[in-house]
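These notes concern the structure reproduced below.
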Amino acid sequence: MPSSGKPRVRFAPSPTGYLHVGGARTALFNWLFARHEGGMLLLRIEDTDVERNRPELVEGILEGLRWLGIDWDEGPLFQSRRLPLYREAAERLLASGAAFACYCKAAAYSGADAPEEQEGEGDDEEPKVTRALPCLCRDLSDTERSARQREGMPRAIRFRVPRTDRTGFEDAVFGPRQVENAEIEDFVLLRSNGLPTYQLSVVVDDLDMRITHIIRGADHLSNTPKQVLIYQALGARPPVFAHVPLILGPDRTRLSKRHGATSVGSYAEEGFLPEAFRNFLALPGWSPGDDSEFLRTAEIIQRFSLSGVSRTNAIFDRPKLEWFNTQYLQKLPVEELLPYAEAELKRAGLWEGSRASRDRAWFRQAVDLIRPRTRLLGDFTDWARAFFTDGFGYDTEAREKFWKQEHLPAMLGALAEALAALPEWNHDACEAALRGLAAAEGVKAGLLINATRVAIVGRAVAPPLFDTMVVLGRERVLDRLRRAIPLLGNPPPEG
RNA sequence: GGCGAUAUCGUCUAAGGGUUAGGACGUGGCCCUCUCAAGGCCAAAAUCCGGGUUCGAAUCCCGGUAUCGCUACCA
């Protein structure tokens with residue numbers, strides 16, 4: 001089969017939950033590989049498990065991918081709409097003798113830590129057989145088989161795994177792998193309800209979609225020999241496998257709801273920047289080979305390679321994610337940040353009618369001033385609220401800490417006058433006015449500065465005062481000073 | 001239980017026979033300072049254990065242990 005030489009990879013989530021961190025990382029690696037190589041990324045929805053499948057979750061997964069900036073070139077393709085393909089493949093394997101019909105009762109899975117054996121306690125109530133015993137249907141004679149078929153017994157199709165030899169493949173991350181065929185059970189290809197199992201559908205689709213590299217979680221490593229067996233039985237050459245290590249929770253167990261936020265959607269809501277999240281997500285399990293960590297997406301794409309993928313599971317490191325976010329919040333060109341800040345303000349209802357919405361240059365200036373101390377996007381509407389609206393309150397702790405001095409009302413009144421009289425409104429003029437007043441009153445400038453800050457933005461946590469004054473503008477500063485004076489020294493209202 | 005993979009500071013990782021085992025997050029301290037951040041400097045912090053090969057092992061080999069994965073008519 002002639003190939004164009006350009007790799008084709010796929011991300012194949014099953015809609016049994018939201019897009020979680022692990023899946024997102026797998027998707028990201030596929031995407032990075034495809035973009036690095038100039039190849040194609042396909043999106044395939046593996047929805048063959050009617051029991052657990054929830055179609056309404058598909059849109060959420062796509063949304064998560066879009067938020068992450070992971071775009072795909074083909075799909076989404078749904079396995080549930082390709083059922084005849086799998087049946088046909090199963091029939092073909094049956095006909096060639098590579099598979100056999102199995103009439104056994106389907107054994108329900110009893111959970112990962114179901115008791116394996118009983119302790120010989122003497123109770124011989126129906127022993128739970130959880131171990132897959134070798135299936136006798138494998139050796140059914142033709143007459144036995146047709147008898148069962150005549151009876152209309154439900155039938156599954158199992159792969160006839162060779163009893164001898166070994167099956168091997170080369171993993172781009174884990175290296176050469178060999179497994180004794182005797183260790184592999186006669187696994188099911190087609191369930192008695194006619195739906196394919198993962199092992200079958202994944203091979204049929206990867207073949208049909210001409211996938212060249214299968215990049216997926218290392219939890220699939222152990223099952224890969226089964227798939228190699230299917231490829232061989234179908235007369236096909238397996239693609240390149242590249243298994244990537246798993247991301248675990250802080251307790252070293254697989255990441256799950258138990259660990260709090262694990263869906264990428266929750267990180268979007270929390271106010272993480274997609275690119276920061278991407279940068280963070282690229283690093284566990286992959287390294288560019290040197291010490292660089294702050295890597296913009298274009299650079300990650302340029303440097304990504306399967307040879308940089310590690311073989312050890314990594315623990316999800318939330319503090320580092322936050323660090324990445326603060327880095328992006330600070331280092332990105334302001335212009336890139338504006339759309340995010342705007343969306344945030346809209347979300348908080350602070351955008352309409354605001355100066356930010358009318359005056360782009362001012363908005364840029366404000367965002368640039370605020371961003372060094374933002375950690376999440378929500379900070380633009382949280383502590384920085386006063387930059388975008390007059391409707392803000394005064395932080396209780398800030399009042400208690402900085403509004404204690406009894407002469408403050410008089411001094412701030414005097415400050416307002418001095419500021420009003422300034423011929424020009426700029427950083428140095430404001431500073432000179434305030435420091436001059438402090439000197440005249442015989443108080444430390446810091447006292448006035450901190451009190452003024454609380455008065456004009458309601459918070460102790462804010463950018464440097466004189467920069468803040470410039471951005472707010474004289475009118476607002478004076479209004480807010482005058483508004484705050486009556487409140488000074490009064491205890492903050494309870495509740 | 002069986003089979004497999006993996007093992008470097010608390011976390012993510014670099015070093016792939018010779019380095020004072022490097023960087024980053026986090027932690028502590030100092031500087032800057034107008035609050036809070038950011039930034040700068042400094043510090044504590046690791047080669048899972050035991051054998052072997054070698055002049056020399058984090059690195060190669062063997063054993064143990066731990067962790068994770070698979071062992072489903074889940075994916």
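Just so we're on the same page: letters track the sequence lines, and every chain starts at 1.
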Residue Asp219(A), side-chain heavy atoms: nucleotide from A14(B), C70(B), C73(B) that is nearest: C70(B)

Identified salt bridge (charged side-chain N to carboxylate O under 4.0 Å, His left out) counterpart of Asp208(A) within the set Arg44(A), Arg82(A), Arg10(A): Arg82(A)

Base-pairing mate for A21(B) - Watson-Crick or G-U, with both contacts under 3.5 Å: none

Taking every non-hydrogen atom, the tightest pair across Leu41(A) and Phe11(A): CD1-N, 3.9 Å

Within residues 463-471 of chain A: residues closer than 4.0 Å to RNA chain B (heavy atoms): Pro463(A), Pro464(A), Leu465(A), Phe466(A)

G23(B) and G64(B), which share atom name P, separated by this distance in whole Å: 37 Å

Whole-angstrom distance between C48(B) and A57(B), as gauged at atom P: 15 Å

Nucleotide paired to G1(B) in any strand shown, Watson-Crick or G-U, under 3.5 Å: U71(B)

Heavy-atom check, side chain of Thr452(A) versus side chain of Met469(A), under 4.5 Å: yes

Ion pair check, Arg385(A) and Asp382(A), cut-off under 4.0 Å: no

Gap separating the CZ atom of Arg278(A) from the OG1 atom of Thr297(A), nearest 0.5 angstrom: 3.5 Å

Whole-Å distance separating the NZ atom of Lys401(A) from the C1' atom of U35(B): 7 Å

Residues Arg375(A) and Glu322(A) bridged, charged N to O under 4.0 Å: yes

Positive for salt bridge (charged side-chain N to carboxylate O under 4.0 Å, His left out) with Asp186(A), one of Arg160(A), Arg158(A), Arg138(A), Lys226(A): Arg138(A)

Sugar-phosphate, base or nothing in reach of Cys102(A), heavy atoms under 4.0 Å: nothing

Sugar-phosphate, base or nothing in reach of Arg459(A), heavy atoms under 4.0 Å: nothing

Nearest listed nucleotide, side chain of Thr197(A), among U13(B), C34(B), A75(B): A75(B)

Touch class at under 4.0 angstrom, heavy-atom based, for Gly285(A) against every strand present: sugar-phosphate

Rounded distance in Å - CZ (Arg10(A)) to C1' (A75(B)): 11 Å

Sugar-phosphate, base or nothing in reach of Arg311(A), heavy atoms under 4.0 Å: sugar-phosphate

C73(B) OP1/OP2 closer than 4.0 Å to side-chain N/O of Arg158(A): yes

Which nucleotide in A75(B), C36(B), G22(B) has an atom nearest any side-chain atom of Asp291(A): G22(B)

Residues forming a salt bridge (Lys or Arg N to Asp or Glu O under 4.0 Å) with Asp467(A), sequence neighbours excluded: none

Sugar-phosphate only, base, or nothing, as touched by Gln199(A) at under 4.0 Å among non-hydrogen atoms: base

Watson-Crick or G-U wobble mate for G16(B), both contacts under 3.5 Å: none

Pairwise P distance, G63(B) and C68(B) [rounded to whole Å]: 22 Å

Touch class at under 4.0 angstrom, heavy-atom based, for Ser192(A) against every strand present: base

Whole-Å distance separating the OH atom of Tyr198(A) from the C1' atom of U71(B): 16 Å

Touch class at under 4.0 angstrom, heavy-atom based, for His220(A) against every strand present: base

Euclidean distance for C1', A7(B) against U59(B) (whole angstrom): 13 Å

Whole-Å C1' distance, U54(B) and C60(B): 10 Å

Touch class at under 4.0 angstrom, heavy-atom based, for Thr48(A) against every strand present: sugar-phosphate

Nucleotides 25-31 of chain B: which of its N/O atoms have a protein N/O under 3.5 Å away?
| from | atom 1 | to | atom 2 | distance (Å) |
| --- | --- | --- | --- | --- |
| C25(B) | OP1 | Trp323(A) | NE1 | 3.4 |
| C25(B) | O2' | Lys320(A) | N | 3.4 |

Presence of salt bridge, Glu293(A) and Lys320(A), under 4.0 angstrom: yes

Pairwise P distance for U67(B) and A75(B), with rounding to whole Å: 29 Å

Whole-Å C1' distance, G16(B) and A58(B): 10 Å

Within the 6.0 Å centroid threshold, strictly below: Phe316(A) and Phe280(A): yes

Euclidean distance for C1', G29(B) against A45(B) (whole angstrom): 15 Å

Pairing of Arg87(A) and Glu91(A) as salt bridge, 4.0 angstrom limit: no

Complementary nucleotide of U53(B), counting Watson-Crick and G-U pairs under 3.5 Å: none

Under-4.0 Å salt bridge between Glu397(A) and Lys401(A): no

Tyr394(A) and Trp403(A) aromatic ring geometry - parallel, tilted or perpendicular at 30°/60° bounds: tilted

Whole angstrom value for the distance that separates P of G22(B) from CG of Asp290(A): 17 Å

Residue met sooner reading RNA chain B from 5', once Leu246(A) and Ala445(A) are mapped to nucleotides: Ala445(A)

Nucleotide of A75(B), U35(B), U71(B) approaching Ala460(A) most closely (side-chain heavy atoms): U35(B)

Nucleotide forming a Watson-Crick or wobble pair with U65(B), both distances under 3.5 Å: A7(B)

Nucleotide nearest Ala314(A) (side chain, heavy atoms from C-beta), chosen from G10(B), C73(B), U13(B): U13(B)

Thr253(A) side chain, from C-beta outward: closest of C12(B), A75(B), C68(B): C68(B)

Atom-pair distance (CZ on Arg371(A); P on A38(B)), nearest Å: 15 Å

Atom-to-atom span, CZ of Arg303(A) to P of A14(B) - whole angstrom: 12 Å

Among C70(B), C34(B), C36(B), the nucleotide that comes nearest once only the side chain of Arg373(A) is considered: C36(B)

Selection from C70(B), U6(B), C68(B) that lies nearest to any side-chain heavy atom of Asn223(A): C70(B)

Nearest heavy-atom neighbours spanning Arg435(A) and Ala445(A): NH1-CB, 3.3 Å

Rounded interatomic separation in angstrom, taking NZ from Lys105(A) and P from A72(B): 17 Å

From C12(B), A37(B), C73(B), nucleotide with atom closest to Ile315(A) side chain: C12(B)

Interatomic distance where CH2 belongs to Trp383(A) and P belongs to U35(B) [whole Å]: 15 Å

Pairing partner (Watson-Crick or G-U wobble, both distances under 3.5 angstrom) of C41(B): G29(B)

Out of U6(B), A75(B), C34(B), whichever nucleotide has its closest atom nearest the side chain of Phe174(A): U6(B)

